*Asks:* 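Structure in structure tokens, see below.
Predicted model, so just to flag it, every value in this text is computed and none were measured. Position 1 is the first residue of the sequence, and the numbers go up from there. As the structure lists them, so they are numbered: ligands from 1, and atoms in each ligand from 1.
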Amino acid sequence: MAYVAKIGPSILSSDLSQLGKECKRMIECGADYLHLDVMDGHFVPNITFGHPMVECLRNAVGAVPFFDMHMMVSKPEQWIRPMAAAGANQYTFHLEATTNPGNLIKEIRDNQMKVGLAIKPGTTVEELAPWAGQIDMALVMTVEPGFGGQKFMEDMLTKVSWLRTQFPSLDIEVDGGVGPDTIHKCAEAGANMIVSGSAVMGSDDPRSVIALLKDVVMEAIQKRCLDR
Ligand code: DX5
Ligand code: ZN
């Protein structure tokens with residue numbers, strides 16, 4: 001089994017005037033990576049930040065922390081080069097935003113980034129499946145993308161279970177409404193990369209929340225190993 005448990009706080013719900021500090025704080029609290037939500041106001045009804053901000057964050061945290069760019073944008077092809085130059089490590093684009101995922105995957109790799117492919121709640125996992133062998137990570141959205149703090153959509157976990165069965169070593173990420181109350185179900189379904197925004201950022205003790213989320217996922221992975 002090639003995958004491991006990783007927790008990636010989403011900084012969307014942090015104090016945005018302090019983003020550099022907040023990113024460093026999350027790393028110090030045990031985050032395995034940072035999940036950076038880019039929204040363009042077209043693909044989703046909200047705007048966040050772009051590559052100039054990512055470059056500043058990279059300078060603030062240094063070379064090591066892994067940046068998973070969740071690109072909620074209508075033209076994912078437009079930002080591949082700028083994001084790579086800004087210091088992004090993984091470029092996660094939405095299947096719904098392109099007619100040619102194959103070209104995007106190639107261009108992301110040509111720019112030395114890992115490839116993530118995301119699906120919204122209304123998109124079936126069968127639509128993602130043809131690309132699963134070519135990507136590093138599948139992101140199953142567990143809310144409609146656009147805002148932090150929404151209610152977790154449990155019925156999305158059938159997609160996670162299906163992907164885990166079909167692609168045993170693929171990194172599978174869940175994003176939206178994930179926290180101590182919902183992590184058990186995500187872990188049982190087979191998710192190993194866990195995005196958590198408000199549950200981590202809104203806590204007085206983010207270190208403990210991150211540790212709890214990670215323990216639950218590690219246990220589920222171990223159990224899966226033993227059951228095989
Ligand atoms: C939503 C974003 C998420 C969001 C998660 O569109 O993709 O990353 O910040 O926040 P929570 O964990 O609060 O749902
Ligand atoms: Zn996200």
*Asks:* State, with a plain yes or no, whether a side-chain heavy atom of Q90 is found less than 4.5 Å away from one of M69.
*Replies:* no
*Asks:* To make sure I understand the geometry: which N, O or S atom in H35 is closest to the Zn ion (ligand 2)?
*Replies:* NE2
*Asks:* With the Zn ion (ligand 2) at the centre, find the angle made by OD1 from D37 and ND1 from H70, to 10°.
*Replies:* 90°
*Asks:* Taking the side chain as every heavy atom from C-beta outward, state whether T92 and M71 have any pair of such atoms under 4.5 Å apart.
*Replies:* no
*Asks:* Are the side chains of V160 and C186 in contact, using a 4.5 Å heavy-atom criterion?
*Replies:* no
*Asks:* For ligand 1, is there an atom lying under 4.0 Å from some heavy atom of M201?
*Replies:* no
*Asks:* Table please: side-chain donor-acceptor pairs of residues 115-124 below 3.5 Å, with sequence neighbours left out.
*Replies:*
{"residue": "T123", "atom": "OG1", "partner": "E96", "partner atom": "OE2", "Å": "2.6"}
{"residue": "T124", "atom": "OG1", "partner": "E127", "partner atom": "N", "Å": "3.4"}
{"residue": "T124", "atom": "OG1", "partner": "E127", "partner atom": "OE2", "Å": "2.9"}

*Asks:* So is S198 polar-close to ligand 1, meaning N/O to N/O under 3.5 Å?
*Replies:* yes
*Asks:* Any side-chain to backbone donor/acceptor pair from S14 onto L16? Under 3.5 Å, distance only.
*Replies:* no
*Asks:* If the cut-off is 4.0 Å to any non-hydrogen atom of H35, which atoms of ligand 1 fall inside it?
*Replies:* 8 (O)
*Asks:* With the Zn ion (ligand 2) as the point of reference, which N/O/S atom of D175 is the closest?
*Replies:* OD2
*Asks:* Taking the side chain as everything from C-beta on, heavy atoms only, tell me whether M193 gets closer than 4.5 Å to M137.
*Replies:* yes
*Asks:* Check contact between G176 and ligand 1, using heavy atoms of the residue and a distance below 4.0 angstrom.
*Replies:* yes
*Asks:* Just need the protein heavy atom nearest to atom 1 (C) of ligand 1, so name the residue and atom and give the distance.
*Replies:* F147 O, 3.5 Å
*Asks:* Have a look at ligand 1 and work out which part of S10, if any, has a heavy atom under 4.0 Å from it: side chain, backbone, both or neither.
*Replies:* side chain
*Asks:* Return the closest protein heavy atom for atom 3 (C) of ligand 1 as residue, atom name and distance.
*Replies:* D175 OD1, 2.9 Å
*Asks:* At the 4.0 Å heavy-atom cut-off, does G149 count as touching ligand 1?
*Replies:* yes
*Asks:* Does any N or O atom in D37 lie less than 3.5 angstrom from one in ligand 1, N or O only?
*Replies:* yes
*Asks:* For a side chain to side chain contact (heavy atoms under 4.5 Å, CB included) check, start with the C-alpha distance between K114 and F66, then their side-chain angles and the critical distance, and finish with the verdict.
*Replies:* CA-CA 11 Å; K114 287 186 150 192; F66 187 91; 4.0 Å; yes
*Asks:* Please confirm whether the backbone N or O of I80 pairs with a side-chain atom of N111, one donor and one acceptor, at under 3.5 Å?
*Replies:* no
*Asks:* Enumerate the atoms of ligand 1 whose separation from the nearest heavy atom of M72 is less than 4.0 angstrom.
*Replies:* 6 (O), 7 (O)
*Asks:* Please list, in number order, the atoms of ligand 1 under 4.0 Å from a heavy atom of P145.
*Replies:* 6 (O)
*Asks:* Do any nitrogen or oxygen atoms of G197 lie less than 3.5 angstrom from nitrogen or oxygen atoms of ligand 1?
*Replies:* yes
*Asks:* Going by heavy atoms in the side chains, are I194 and V217 under 4.5 Å from each other?
*Replies:* yes
*Asks:* Is it the case that D68 and H70 place a side-chain donor and acceptor less than 3.5 Å from each other?
*Replies:* no
*Asks:* Decide yes or no for V73 and V38: does some side-chain heavy atom of the first lie under 4.5 Å from some side-chain heavy atom of the second?
*Replies:* yes
*Asks:* Are the side chains of N89 and R58 in contact, using a 4.5 Å heavy-atom criterion?
*Replies:* yes
*Asks:* For atom 6 (O) of ligand 1, find the nearest protein heavy atom and state the residue, atom name and distance (0.1 Å precision).
*Replies:* G146 N, 2.7 Å
*Asks:* What are the atoms of ligand 1, with element, lying closer than 4.0 Å to any heavy atom of H70?
*Replies:* 7 (O)
*Asks:* Can you name the atoms of ligand 1, numbered from 1 with element, that are less than 4.0 Å from a heavy atom of G177?
*Replies:* 11 (P), 12 (O), 14 (O)
*Asks:* How close does the nearest protein non-hydrogen atom get to atom 10 (O) of ligand 1, and which residue and atom is it?
*Replies:* G148 CA, 3.6 Å
